[in-house]
Amino acid sequence: MSEIEREAMEYDVVIVGAGPAGLSAAIRLKQNDPDLEVVVLEKGSEVGAHILSGAVLDPCGLDKLIPDWKEKGAPLNTPVKEDNFYMLGEGGEIRVPNWPMPPLMNNHGNYIVSMGNVCRWMAEQAEALGVEIFPGMACSELVYGAGGEVKGVVAGVFGLEEDGSYGPNTEPGMELHGKYVFLSEGVRGSLAKEVIAKYDLQKGHQPQKFGLGMKEIWEIDPAKHKEGTVTHTMGWPLGSNAGGGSFIYHLENNQVYVGFVVHLNYKNPHLYPYMEFQRFKHHPMVAELLKGGKRVAYGARAISEGGFQSMPKMVAPGVALLGCSVGMVNVPRIKGNHNAMLSGIAAADAAAAALKDGRAADELSAYEEEVRKGAIGKDLKKVRNVKPMWSKWGLLPSLALGGLDMWTNTLGFSLFGTMGHGKTDAQATEPADKHKKIDYPKPDGKLSFDRLTNVSFAMTNHEESQPCHLRLKDASVPVSVNLPKYDEPAQRYCPAGVYEVVEEEGKEPRFVINFQNCVHCKTCDIKDPSQNINWVTPQGGDGPNYPNM
Ligand SMILES: Cc1cc2nc3c(=O)[nH]c(=O)nc-3n(C[C@H](O)[C@H](O)[C@H](O)COP(=O)(O)OP(=O)(O)OC[C@H]3O[C@@H](n4cnc5c(N)ncnc54)[C@H](O)[C@@H]3O)c2cc1C
């Protein structure tokens, strides 16, 4: 690729990804110095198209960034009014009272929002300050300077040939150079992954951990809709097969976000996260709520779960990692948007100060210091043992001990120190013959749906003629290793039905990648036990088109 000639544009700061982290950074840079040249590049067809976070938003990040967000019309319309937590069994549920929960679990003062819409609004605020935002521009490569520093990105390569080569119709894109480059690609960013490996940024930190989050938007019977209600559940149907749980958020217009998270450190390769989600909706409590309603959207995205001890070093020469490219989700709260925003603010402050001093392309160590010691670090430190406890001891002991640990951490100490996570999620997968197959009921087409029907509600689209963006390091591994050893779990862990093993009589099994279905959740890159799948960004504009997820 190095022989390709491209035009280059020069900026003070180049920001990859228009999520809450990248947009907060852009806004804050301009607030610091209106003369700074700032560009944001987004692979979605529009800002918000790839944002999957029908969310409960803690507004602390927005309060700091735009204190008058209410007057400016930010789409935070649904304050949380009621918080419920249930343990589910197959046929019933037990309500866990709110009083033993540590104060950090309380959703009072938070809002049920469409983060896609919040990002669209933030983009308007950024543009009003003079930030250039280019949606439909995937950043596919990093550009390095002579001293090994990150100097910029390549964005906007379109029309590659099917085999990945440049052809007569290929637009080579352009280089965008920045004195600093911010990677705010969200969880398992493809450029962030390269930077973490190149500069060995994970060294000395625990491995990052992940969950797979799947979500549907439902329009339900107005009589059952209770705007502002937040419900979380744990237990059935996952039981001891995997960690995880559900969320049900009642937003405006009789709509409900119904979501399900499966921790990706599950051992049994027969587990089928998507089908666990579908089965969950048949629980009597959930089925009763959804009966008579209709599912209007579907999507999926990995969520970072490693927390405080898994955050890699987040700066290297010329580059800083922001938001969930670092992994800033507070797992028991299932919240990361506030920290993504706070990280954008901190990175922008550090870069603006450095630029003012005439610096460029060095390490923004003031940013990292603020993340670890400031509000983000404090938020994540209190809950750092919840995930390792769950992985080690299972749901019920970790609920009790995790609750105790969160309480003592609120008072400033922990009886457990900082627990480690152990293996990566890929390494956690065990051979198929050590585990039982799981029998999943067939979707009924009313409450539960087959995967491909649901994927059509993500409105995902990829040019058929472009190269597959799910690159196998060794094309033989799925059939020669993963199939005999793990019953090729890609067939099940992918929430979009991208991967199939086709077995025809008299023929060798074939591994098929239907990349057109991909919803950019990145689970394959994380969970493949052979670490043989590399998710690279497809051309800009491709991927899901979430309405108000
Ligand atoms: C199912 C689920 C439910 C959640 N619920 C909540 C909740 O209720 N409350 C909460 O606070 N948090 C929640 N989270 C966590 C929250 O979504 C993340 O913490 C947050 O999105 C992180 O923001 P970010 O800006 O770092 O990344 P993202 O929001 O992921 O934004 C990254 C952006 O970068 C773009 N991008 C990526 N790579 C490239 C590239 N190479 N070139 C160009 N563009 C690129 C993407 O398209 C995307 O628009 C949830 C997460 C999931 C998966």
Side-chain angles (χ1 to χ4, degrees), residues 14-25 40-61 80 107 110-116 118-119 122-123 134-142 153-156 182-194 210-216 230 232 244 246-247 249 257-262 277 299-305 321-331 333-341 343-344 469 495 520-523 535-544 546 549:
V14 172
I15 301 176
V16 179
L23 291 167
S24 298
V40 181
L41 303 150
E42 167 54 48
K43 68 178 161 62
S45 59
E46 55 152 347
V47 172
H50 289 185
I51 299 292
L52 179 103
S53 182
V56 174
L57 178 68
D58 174 343
C60 64
V80 176
N107 274 312
N110 297 334
Y111 293 81
I112 300 173
V113 297
S114 150
M115 272 316 287
V118 171
C119 287
M122 288 177 78
F134 298 124
M137 290 283 271
C139 301
S140 48
E141 281 177 60
L142 288 160
V153 294
V154 174
F182 288 176
L183 299 180
S184 44
E185 301 173 282
V187 65
R188 198 68 162 196
S190 41
L191 301 183
K193 189 172 130 179
E194 180 179 323
F210 302 90
L212 166 60
M214 295 154 285
K215 199 173 77 188
E216 294 170 355
V230 164
H232 289 112
S246 84
F247 57 89
Y249 303 153
Y257 294 127
V258 183
F260 199 78
V261 176
V262 177
F277 175 32
R301 183 84 166 100
I303 179 167
S304 60
E305 293 185 340
L321 311 182
L322 275 57
C324 277
S325 289
V326 174
M328 296 184 178
V329 170
N330 180 317
V331 173
R333 298 179 76 202
I334 330 181
K335 287 188 187 59
N337 288 305
H338 61 302
N339 285 337
M341 290 182 186
S343 80
H469 64 281
H520 297 198
C521 74
K522 316 265 177 94
T523 300
W535 194 102
V536 301
T537 187
Q539 69 183 27
D542 282 0
Y546 296 135
M549 299 286 264

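Every number for a ligand or one of its atoms is a count from 1 in the order of the listing.
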**OP:** Could you check if a side-chain atom of Lys335 sits within less than 4.5 angstrom of a side-chain atom of Asn107, using non-hydrogen atoms only?
**Re:** yes

Original post:
Should Leu212 and Pro495 count as side-chain neighbours, where that means a heavy-atom distance under 4.5 Å?
Top reply: yes

Subject >> Axial cation check for Tyr257 ring with Lys215, 6.0 Å and 45° limits >> reply: yes

Subject >> salt bridge (Lys or Arg N to Asp or Glu O under 4.0 Å) partners for Arg188, two or more places apart >> reply: Asp525

Subject >> Residues in contact with ligand 1, criterion: heavy atom under 4.0 Å >> reply: Val16, Gly17, Ala18, Gly19, Pro20, Ala21, Leu41, Glu42, Lys43, His50, Ile51, Leu52, Ser53, Ala55, Val56, Met137, Ala138, Cys139, Ser184, Glu185, Gly186, Gly213, Phe247, Tyr249, Arg301, Ala302, Ile303, Gly323, Cys324, Val329, Ile334, Lys335, Gly336, Asn337, Ala340

**OP:** Output all residues satisfying ring pair (Phe, Tyr, Trp, His ring centres under 6.0 Å) with His520, sequence neighbours left out; order by chain, then residue number.
**Re:** His50, His462, His469, Trp535

Original post:
Taking only residues two or more places apart in sequence, or in another chain, which ones meet Glu42 in a salt bridge (Lys or Arg N to Asp or Glu O under 4.0 Å)?
Top reply: none

